[in-house]
Peer 1: 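Right, I'll just put the structure down here and ask away after.
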Amino acid sequence: MKYHLVACVGQKRTKPALAADLYQSDWFVKARAYVEAVGGPWFILSAKYGLVRPDEIIAPYDQTLNTMHAPVRRLWGEKVVQQLATTLPNAAQLVLLAGVRYRQPIEEWAGDRAYAPMAGLGIGQQKAWLISHTQGK
């Protein structure tokens with residue numbers, strides 16, 4: 001079974017909400033539509049909370065791995081890997097819809113069980129990929 005992991009984004013609601021509804025950027029809305037269209041379980045990679053279920057209520061925050069120093073990102077990665085190891089089956093395949101700073105700690109742990117279909121694409125290209133892969137699902 002494939003598990004989709006979607007990176008958090010900076011644009012959020014101002015009050016606590018279901019994690020799936022908290023993130024408001026156009027990219028996240030398209031990523032959510034894609035993972036819901038393909039079906040199966042999905043999680044959010046939160047810079048503050050780590051691995052988050054879409055139906056979990058969380059408060060807004062102002063954190064991103066993109067501005068964290070390497071040692072802090074490493075600690076975040078260790079936390080997320082531990083969460084993944086206790087939440088997902090050992091043979092789970094991971095589809096990473098996230099930038100390199102969110103992917104790297106997971107890719108190292110998961111090895112060939114993880115892949116990032118949009119790696120190397122710019123934001124506009126990612127949005128186009130998400131739209132084209134959501135249509136007809």
Peer 1: Hey, are the side chains of Leu22 and Ile58 touching, using non-hydrogen atoms and a 4.5 Å cut-off?
Peer 2: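 Counting from C-beta outward, Leu22 and Ile58 do come under 4.5 Å.
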Peer 1: How close do Pro105 and Trp76 get, counting heavy atoms only, and between which atoms?
Peer 2: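 For Pro105 versus Trp76, the nearest heavy atoms are CG-CZ3, 4.1 Å.
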Peer 1: Please report the C-alpha distance between Gln125 and Met118 in whole Å, then the side-chain angles of each, then the deciding distance to 0.1 Å, and finally whether the side-chain contact (heavy atoms from CB on, under 4.5 Å) criterion is met.
Peer 2: CA-CA 8 Å; Gln125 294 170 311; Met118 298 187 299; over 6 Å; no
Peer 1: Hey, can you pull the donor-acceptor pairs under 3.5 Å for the side chains in residues 85-93, sequence neighbours left out?
Peer 2:
| from | atom 1 | to | atom 2 | distance (Å) |
| --- | --- | --- | --- | --- |
| Thr86 | OG1 | Gln82 | O | 3.1 |
| Thr86 | OG1 | Gln83 | O | 3.2 |
| Thr87 | OG1 | Gln83 | O | 2.6 |

Peer 1: Taking everything shown except Asp55 itself, do over 12 heavy atoms lie less than 6.0 Å from its CG?
Peer 2: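 More than 12 heavy atoms, drawn from other residues, nucleotides or ligands, come within 6.0 Å of this atom.
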Peer 1: SG/Cys8 to OH/Tyr102 distance, rounded to the nearest 0.5 angstrom?
Peer 2: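 It is 3.5 Å, given to the nearest 0.5 Å.
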Peer 1: Does the side chain of Thr64 come within less than 4.5 Å of Arg101's, by heavy atoms?
Peer 2: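 They are not in side-chain contact.
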Peer 1: Check this for me, if you would: do Asp21 and Arg32 make a salt bridge, where the nitrogen-to-carboxylate-oxygen distance has to be below 4.0 angstrom?
Peer 2: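 So Asp21 pairs with Arg32 through a salt bridge.
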Peer 1: Within a strict 4.5 Å, meaning less than it, do heavy atoms of the Leu45 and Ile106 side chains meet?
Peer 2: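 Side-chain contact under 4.5 Å: yes.
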Peer 1: Do Phe43 and Val6 make a side-chain contact, defined as non-hydrogen atoms from C-beta onward lying under 4.5 Å apart?
Peer 2: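 No, side chains not in contact.
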Peer 1: About how many Å separate NZ of Lys30 and CD1 of Ile131, when rounded to the nearest 0.5 Å?
Peer 2: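 Answer rounded to 0.5 Å: 4.5 Å.
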Peer 1: Specify whether Tyr49 and Tyr61 have parallel, tilted or perpendicular ring planes, treating 30° as the upper limit for parallel and 60° as the lower limit for perpendicular.
Peer 2: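 If you compare the ring of Tyr49 with that of Tyr61, the planes turn out perpendicular.
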Peer 1: How far does CG of Leu94 sit from OH of Tyr3, to the nearest 0.5 angstrom?
Peer 2: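 If we round to the nearest 0.5 Å, Leu94:CG and Tyr3:OH are 9.5 Å apart.
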Peer 1: Got a salt bridge between Lys127 and Asp26, using NZ or NE/NH1/NH2 to carboxylate O under 4.0 Å?
Peer 2: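 Looking at Asp26 together with Lys127, the answer is yes, because their closest N to O distance falls below 4.0 Å.
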Peer 1: Is any side-chain heavy atom of Val95 less than 4.5 Å from a side-chain heavy atom of Leu5?
Peer 2: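 When only atoms from C-beta onward are counted, Leu5 and Val95 do not touch, as no gap falls below 4.5 Å.
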Peer 1: Mind checking whether Tyr115 and Leu96 have side chains closer than 4.5 Å, heavy atoms only?
Peer 2: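 Answer no - side chains too far apart.
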Peer 1: Within the 4.5 Å heavy-atom criterion, are Glu36 and Trp42 side-chain neighbours or not?
Peer 2: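 Counting from C-beta outward, Glu36 and Trp42 do come under 4.5 Å.
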Peer 1: Report the C-alpha distance between Val29 and Gln24 in whole Å, list the side-chain angles of each, state the deciding distance to 0.1 Å, and finish with yes or no for side-chain contact (heavy atoms from CB on, under 4.5 Å).
Peer 2: CA-CA 7 Å; Val29 169; Gln24 297 294 295; 5.9 Å; no
Peer 1: What's the spacing between Arg103 CZ and Leu97 CG if we round to 0.5 Å?
Peer 2: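 So the gap between those two atoms works out to 10.0 Å.
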Peer 1: Is any side-chain heavy atom of Tyr23 less than 4.5 Å from a side-chain heavy atom of Gln11?
Peer 2: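 When only atoms from C-beta onward are counted, Gln11 and Tyr23 do not touch, as no gap falls below 4.5 Å.
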Peer 1: How long is the span from the CD atom in Glu107 to the CG atom in Asp112, to the nearest 0.5 Å?
Peer 2: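 The distance works out to 11.5 Å.
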